[in-house]
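The next block holds one structure in the form of structure tokens; read it before the comments.
Only a predicted model underlies this, so the values are computations on that prediction, with no experimental measurement involved. We name chains A, B, ... by the order of the sequence lines, and we start the count at 1 in each one.
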Amino acid sequence: MLPIPYLTVLVFFPLVAAVLVAVLPQRFERSARAWATLAAAIEFVASLPLWSRLTPSAPGFQFEENLAWIPSIGARYHLGVDGISALLALLTTLMTFIAVLSAWTSVERRSREFYAMLLALEAGMLGTFFCLDLLLFYVFWEAMLIPMYLLIGVWGGQRRIYAAVKFFLYTMAGSVLMLVAILSLFQMQRQFTGVPSFDLTSFYAMPIAPTLQLWYFLAFAFAFAIKVPMWPVHTWLPDAHVEAPTAGSVILAAVLLKMGSYGFVRFAMPMFPNALAVCTPTIAWISIIGIVYGAVVAMVQPDLKKLVAYSSVSHMGFCMLGLMAMNAQGFAGSMMTMLSHGVSTGALFLLVGVIYERRHTRAIADFGGLWKVMPVFSAIFLVVTLSSIGLPGTNGFVGEFLVLLGAFMTKFSWAAVAATGVILSACYMLWMFQRVVFGPIVHEENRGLGDLTLRERLVFAPLLLLIFWMGFMPQPFLDRMQPALDRTLELTHQRAERSAALVERAPGIRLVSAPSGDGGSRP
Amino acid sequence: MNASLLAWIPGLPLAAVLVNLLLGDRLGKKGTAWLACGAVVAAFALALRAVLQLAALPEHERHLSEVAWTWMRVGTFSVDVAFLLDPLSAVMVLVVTGVGSLIHIYATGYMSHDPSFRRFFLYLNLFMFAMLTLVLADNYLLLFVGWEGVGLCSYLLIGFWYERPSAAEAGKKAFIVNRIGDFGFMLGAFMLVTATGSLQFDRVFSAAPHVFTAAGVTLATLLMFLGATGKSAQIPLFTWLPDAMEGPTPVSALIHAATMVTAGVYMLARSHVLFELAPATMQVVAVIGAATALMAATIGLAQNDIKRVLAYSTVSQLGYMFMACGVGAFGAGIFHVMTHAFFKALLFLGAGSVIHAMSDEQYMRRMGGLSSRLPFTHGTMAVATLAIAGVPFLAGFFSKDEILHAAWASGHKGIWLAGIVGACLTAFYMTRLYVLTFRGPSRLSHEAEHHLHESPPSMIVPLVVLAVLSVVGGYVGMPFQQGGNAFETWLHPVLSAGGHAAHHEVSRGVEWLLILLSVGVALLGIVLSLRSYLWNPATATALQTRFAGLHRLLVNKYWVDEVYDAVLVRPFVGISEWMWRFWDAKVVDGLVNGVGTTLEGGSAILKLFQNGYVGTYALFITLGVIALFLHFLR
Amino acid sequence: MTIALFVGFAALLVVTSLMVILHRNPVTSALFLVLAFCSLAGIYLLLHAEFLGMVQIVVYAGAIMVLFLFVIMYLNLQHDVESGVQIALRRGIGWLAGAGLLLAGATLLGRGLALGPAAEVSPDQASGNVAAIGKALYSRYLFPFELTSVLLLVAMVGVIVIARGRARSPREDA
Amino acid sequence: MIPLNWLVALSAIVFTIGVVGVLVRRNALVIFMSVELMLNAANLAFVAFANHMKSLDGQIFVFFVMTVAAAEVAIGLAIIVHLFRLRETVFVDEIHLLKG
């Protein structure tokens, strides 16, 4: 393996860069963006070995680092990566680099802190993807919130304080429940093996009584459902997106939303398989409602960013449905949707940012007939819209098709209702596209808009490339993610039998009288 | 000569698209025209060579397949980007590239003075790539890629003149209606995968008979038929085609007459094994085909926009093709696809040349007497009109007769009757179109009269070629040939694969009778139309007044659009508005903010206890002490 | 005999305490309080706590009450006027709370808590109360004793700072 | 010997009178005196038990209570004086600025 502690470098380099950028003296205010871009570029290049050096078929985790962190309670600084987290980490580094590059003109005041926040956010996200120790996971999970909160709160739009606070409290409320679950699991773990440890593999090894599992699963599921966001707990997303600066909402959409589904795949599903089996239909139907509801509500949004935010709710609904299908196609589809949603929605937000920078308005009604004035922009907007509605040949289709296929194999009705999402997404995206790009130029201000500058085209070039690469040749991505997904699936089934066999003598503390058999209907 | 060139047939137009994109304006109009037409003609040449190579093979192994790369492989399910050339796709590829190149040449003339000339050919080539992928696909998923690709290109080309809001609206409508169809097709494909484990044509068809239950295969085929209705504009999802006339005329000719709309028929013919396993679906297909044919023909009677009439005629002819597939005569269906491609493309291009001459005038009531001024257009259009009407010894007659013959032979008497009535109506409205445009008094406005001119040669040549094809094209499928119908024998290896093909023989005498009947009906339609529009126009107006109600019904196209709008679109937007305004903002968000406000309210109440009076604090302390005492007393 | 003395002192204590809180004029309340302290000192003596009795008289009655009277005189307080419904309400509640407290106390006493065993006479008891307290104070309780000296010092500093107030007394700028 | 019950009863009565005094009176000084009463009631109980248990700890504790009381009175009166200077009043219910 690499001589240096590769993952630690990957996680803490952006943090160090963030600090350096933040403490740059005043006269470097203008060049702060150049330094930040350089740092993000180095980080991206440094993360490429995750793609090339990763041997997908090797069992367990790679690039592992395991040091004692808090010996007294057995919490270890344990980092590792497998097919799933490597791809998501690559998505993070790429999208952060693009977000930093795109924010050159959009941020005027306090730009040093702005870039520092972006880099710190990247460190938090990478940490969350890499860590395999539950306590460390919780630390990074919460650390990630702070830079995002500041990004929305300081550089946001009019109602930024409301949006930032809502975002923070919403996620915090969920993750506090998760913390309680982690601690009580730790307690059970210590009694079960006698050795205190927060290590994920030890939790994987410990069977838990099914009735107990339900409460833990609901705690974890609730925390991750908020992040996904799943249907009833999604209202923080439109507000956060509308008020966040472009770069902030690009990363928020591209990576932060994947935390929820990643959490499900890595933690909630393998650790509590029996409870999962009980809750699968409920969560599946909730994600289907999310798909249809997100699309329906997106239809009538007057604000571009809100429309794209609700479309994210719809796309992430596909992700969760894929996971609930519990088969290879569903998992692969869900993972592909995560990656392709990250790319296409990130691009969509960048596009909205471009016209927001020129017209300082996000209302669809203020635009119209942009094709004549900004042909290159409109062409890119067309390609990204098509990728977002999942046209075959673009990245959106591969994910959506596999998710629907997986869902179809599990239950016909799931796929039938979810597939209407395909129609709805076409409706609202094309209607929006038509009102923004086609038609005669109604507002005089639009006549003078300049087309994309070289820098902006540079920002979109990698995204377009990815859209078509993942659309036509998704196999390299699928090869990398499948072994890890199969292992997760197999682990889930294996643990389900072991825990089921453990019905009476459930180790660990008896929580308040265990509930009766049926699964909780809460998400 | 290995078969590796198959991939290049769709590859060439794609390469032209990329070159067009990259070089952009540096090419200039001339360069773009040559690049675009050259790519399609080269594709035609490649296709021809491949088909000849195919023909050389012995009959039972007539298929060339070639795998480009593995597209998706997840668990047991895997699908590749692979191309297949067999007799069925050979016919389609020849029609698509042949008619396509003619239309490309025509378009260079037609669009010569359009500012975004380059963008037009960009989309046109992209369309050719998508259509060729669809036709040459080796599995349902790649077919679906082409399927949605052509949907996208039709969206772009209908909305080509994006500054006209109606064009953008029509484009969006076309795409969404197609998407509804694709929804059905996708679900059908899923059923195939779950049952047979793959989407490869040969693997699905070989596994289908043993794996599928009756209900399963019926549902799967119905869903795929829903996709076909979306793409080929049949009864439930046909409303987008008439609006698609917003696009430039070459687009209407290529996409909405010759190639894209026939994709549904091709898909049905390709999966005939599945459809033959589900007689119920076949019944539905036949009935819908007949109903569409009749309904569209009646609407065509009352339209005054030349392109709308042709659009409804296309919907009607597509109805015929589906009727043929419904009664099991997939060969007849494909044959009609070919002949229809020839004369319908010719009609549209002719109409385009008329519109071009009349400086974008599409309203027939302001035309008339153009035969002398536009000789070539008039000549070729006349041939096409006779062909579509079903006049003997022309292409339309042979293919339509084949369908009627099959309908009668397979015992669908009702379907046959609808076909005959439809044939008569077709003859009537096509002659009406011909008369109103070319014959009769010239109702041209003065300035239209002023710069009326015949189209340049680049437009006339394709017209002539198509006219020739419309005449010659029919003989391939002429009945009473020695070894049976040449066209049928060519398709035989593909269409008989399932072994369930229904073979009904009818005595030669009855066959002759049928032919005479259909010819008679066609001539009746022509004569009636000539009488009421040319010889004494008064009868037309008389007819209109006497059946005023019926006439208004037809002019308004049975109010189908309005019904769809009222029943589907408006309530849907209403619901989504309600869902957002009420549900999302008030309920869900309300709950979240509610938590905040309740906490605030609570603290406001608690604040009152802190009223600053030392006395009250002392009182609380005492009460606390008393409470402690009580606790100990218990 | 001691019982009679105790009852006398007790009665005196209760009456004077009541008068302290009932009487309108703060000066008379202060004087009644002095009387209460003296009766209390008497009770201490009955309980063989001579040292405390003396300290009670010296510290409480002597020092603290003098301070009180000084402040009352200094502030030239008049007769307490107690009027208005809001005050009457508060007084009512006050008495109620007092009654409640008394009731609870009474029931508690009524239960007759198990009293600890009466310890036998400890050896140093005989040698006089003051000496014994002195010995105990400077042996086991040395540290708390030193602590109280610090406390008193702090109190003194505090008083000076607070009582000094701003350079100008409010009267000039009134 | 004086029975312990009476002593404790007496201490309770005096304590209650102190509490009532604090609750009822408006004059800060009288409240202050009532607090002294409560303290002395506690001292009485201490001495009573010290006598009953024949140990000196009670008395020593009373001694400490007294020193604390002394310090407290000093500070209290200083505050009252200072308060009087600012507000010209000694009535507790007129001083209620410090509220939520």
Side-chain angles (χ1 to χ4, degrees), chain A residues 166 169-170 231-236 238-239 293 295-301 310 327-329 332-333 369 371-372 375 382 386 389 391-393 397-398 401-402 404-405 408-409 412 415-416 419-420 422-423 426-428 430-431 433-434 437-441 472-475 478-479 482 486, chain B residues 21 69-77 81 116 119 130 133 141-142 144-149 151-152 155-156 159 162-165 167-169 171-172 175-176 178-180 182-184 186-187 189-191 193-194 572-573 575-577 579-581 583-585 588-589 591-593 595-596:
Chain A
K166 186 172 182 178
L169 288 185
Y170 226 126
W231 167 56
V233 285
H234 67 285
T235 47
W236 60 274
D239 293 329
Y293 179 90
V296 159
V297 173
M299 181 81 72
V300 285
Q301 292 302 329
Y310 277 110
N327 52 28
Q329 286 74 15
W371 194 292
K372 182 158 258 330
L382 175 65
L386 295 178
I389 54 179
L391 191 86
F397 173 73
V398 178
F401 176 77
L402 286 175
L404 287 174
L405 179 60
F408 191 91
M409 285 183 178
F412 174 82
T420 54
V422 163
I423 305 173
C427 296
Y428 67 78
L430 287 182
W431 191 22
F433 187 74
Q434 177 195 337
V437 174
F438 286 153
I441 295 186
F472 282 108
M473 292 193 197
Q475 204 46 41
L478 289 170
D479 290 344
Q482 260 180 285
D486 296 344
Chain B
L21 257 176
W69 70 83
T70 321
W71 188 11
M72 270 189 253
R73 191 180 52 258
V74 181
T76 57
F77 167 73
V81 175
S116 38
R119 190 162 60 87
T133 323
L141 204 57
L142 197 58
F144 190 64
V145 170
W147 193 268
E148 290 233 350
L152 164 72
Y155 164 75
L156 292 172
Y162 52 81
E163 258 139 21
R164 278 214 314 252
E169 189 61 34
K172 186 195 67 167
F175 192 85
I176 289 173
N178 276 340
R179 210 66 201 281
I180 296 172
D182 301 349
F183 158 75
M186 201 191 249
L187 285 186
F190 288 151
M191 289 189 79
V193 176
T194 9
F572 182 75
V573 172
I575 290 171
S576 44
E577 187 77 25
M579 282 291 268
W580 175 43
R581 285 263 186 279
W583 189 261
D584 200 65
V588 180
D589 226 6
L591 274 178
V592 170
N593 295 340
V595 167

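The aromatic rings of B/Phe190 and A/Phe408 lie tilted to each other, with the angle between the two planes from 30° to 60°. The aromatic rings of B/Trp69 and A/Phe472 stand perpendicular to each other, their planes meeting at an angle above 60°, with 30° marking the opposite boundary.
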Q) What's the verdict on side-chain contact (heavy atoms from CB on, under 4.5 Å) for A/Val300 and B/Arg581, showing C-alpha distance, side-chain angles and the deciding distance? A) CA-CA 9 Å; A/Val300 285; B/Arg581 285 263 186 279; over 6 Å; no
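Judged by distance alone, with hydrogens and angles left aside, the side-chain atoms of A/Gln329 form a donor-acceptor pair with the main-chain N or O of B/Val74 at under 3.5 Å. Not one N or O on the side chain of A/Gln434 forms a donor-acceptor pair closer than 3.5 Å with the backbone of B/Lys172.
Neither the backbone nor the side chain of B/Ser116 comes within contact range of chain A; no heavy atom of the residue lies under 4.5 Å from a heavy atom of that chain. With a 4.5 Å cut-off on non-hydrogen atoms, A/Lys372 touches chain B through its backbone and its side chain both. Residue B/Leu142 does not touch chain A at all, counting heavy-atom pairs closer than 4.5 Å.
In this view, B/Tyr155 and B/Phe175 satisfy the ring-ring contact (aromatic ring centres under 6.0 Å, His included) rule, not counting sequence neighbours. When the ring-ring contact (aromatic ring centres under 6.0 Å, His included) test is applied to B/Phe572, no partner is found at least two apart in sequence or on another chain.
By number of non-hydrogen pairs under 4.5 angstrom with chain A, the leading residue of B/Trp147, B/Trp583, B/Tyr162 is B/Tyr162.
Taking the six-membered ring for Trp and the full ring otherwise, the centers of B/Phe144 and A/Phe397 sit less than 6.0 Å from each other.
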